[in-house]
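Let me begin by presenting the structure, written as structure tokens, before commenting on it.
A quick note: this is a predicted structure, and the numbers were derived from the prediction, not measured. Values below: every heavy atom of this structure, side chains too, minus hydrogens, waters and symmetry copies.
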Amino acid sequence: MSKKREFWYFLLNGTLDDNTGVYSNFYTYGTHCGNCLAKSIEIAENEGIINPELIETCRLDNLEEFELPENAIEMNSDVFMLSNLNSYELKKEETEFTPPTGIAFGTDENEYETDLIKECFVAYGKNENEIFEFELVADNCRLIKTFFKAIDFLPKTDGFWIYLRDHWENEQTELFAGKDLISKENIIEFLKSNNESTLKNGFIDIVVHSKKGETNLTLDEHKKIRLHTKDESVFNEFIGEIIKIGFEQTRDYYNIEFGYHHWHYRTNKSLNRNKFKEMLSRKNFEKIELN
């Protein structure tokens, strides 16, 4: 067995064929969660699982007592897989929410049932600060393309910021402004070019700004799309465009941030925090001091 670093459990969901879904369980060593996940996904694919995606995870090396299940098979020096696969019949009318890359359900008991989370949005009227608020949940399969469309739905943009959250490698929250990233086209190109470290990173908030209505569009660390604006016309037009691409408004709004035990992670292909900041510096980002 390789040197013990981090040790993670993963529940992956995929398919065996067009009619059969499957759940598989892995216990994996690696340098960080995303590194362990990549090793598990590779084994799953080698075992014939199509498009395995992370549903649930837990860090095991922090637990006082943990023993591998008796039916765990050593696939290589880092990865163990349960011998039994849990298969089920796929039904087109049933859709299960898959958390976007960068965040996953934990194994602890939740306040709410996970099947309550649906693709939908909520919209709130003007609050005491004269701000209209919008929030949307999208499944992993279409979150990124929805965020790109949401950027296009904004008025002319003039600002782009990235928050590095404090639970990423246990540092202070930091804010960086992309001084050269003003237009929608440039912002989207930057995100596409660095998608593993930005769009799929569960430790950052991405903010696109428009002066009109002091509008901020955010893809937050919980992979929700949020809009804050003081301009009611911006708010209404944005919602109209969101409805056109297939999202429905709801009052029964559930999301992974509240009522669900969850974990944040970055992918195996992403930069660590220091290298990420070095990349931002090369791209002419400026660090903004937070009060």
Side chains of Thr250 and Tyr253: does their closest heavy-atom pair fall under 4.5 Å?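 Yes, side chains in contact.
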
Close side-chain approach of Glu47 to Met81, heavy-atom, < 4.5 Å: yes

List the atom of Thr267, the atom of His32, and the distance in Å for their closest heavy-atom pair. O-CE1, 3.6 Å

Give me the atom names and distance for the closest heavy-atom approach of Trp263 to Gly106.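 Looks like CD1-CA, 3.7 Å.
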
Can you tell me if [X] and [Y] form a side-chain donor-acceptor pair at under 3.5 Å?
{"X": "Ser210", "Y": "Thr157", "result": "no"}
{"X": "Asn51", "Y": "Thr15", "result": "no"}
{"X": "Asp231", "Y": "Ser233", "result": "yes"}

If you draw a 6.0 Å radius around [atom1] in [X], do more than 12 non-hydrogen atoms from other residues or ligands fall strictly inside?
{"X": "Asn127", "atom1": "CG", "result": "yes"}
{"X": "Lys179", "atom1": "NZ", "result": "yes"}
{"X": "Asn76", "atom1": "CG", "result": "yes"}

Which salt bridge (Lys or Arg N to Asp or Glu O under 4.0 Å) pairs, counting each pair once, include a residue from residues 138-162, with sequence neighbours left out?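 Matches after skipping sequence neighbours: Glu119-Arg142.
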
May I ask whether Leu143 and Ile187 are part of the same hydrophobic cluster, defined by side-chain heavy atoms of I, L, V, M, F, W, Y residues being less than 4.5 angstrom apart, directly or through others?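 Linked within one cluster.
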
Below 4.0 angstrom, N of the basic side chain to O of the carboxylate: do [X] and [Y] qualify?
{"X": "Glu135", "Y": "Lys224", "result": "yes"}
{"X": "Lys39", "Y": "Glu42", "result": "no"}
{"X": "Glu133", "Y": "Arg226", "result": "no"}
{"X": "Arg273", "Y": "Glu278", "result": "no"}

Can you list, pair by pair, the side-chain donor-acceptor contacts under 3.5 Å of residues 282-290, counting residues two or more places apart and other chains?
from	atom 1	to	atom 2	distance (Å)
Asn284	ND2	Asp180	OD1	3.1
Asn284	ND2	Asp180	OD2	3.0
Lys287	NZ	Glu174	OE2	2.8

Taking the six-membered ring of Phe148, is NZ or CZ of Lys192 closer than 6.0 Å to its centre and within 45° of its axis? yes

Between Arg165 and Tyr163, is NZ or CZ placed under 6.0 angstrom from the six-membered ring centre and within 45° of the ring axis? yes

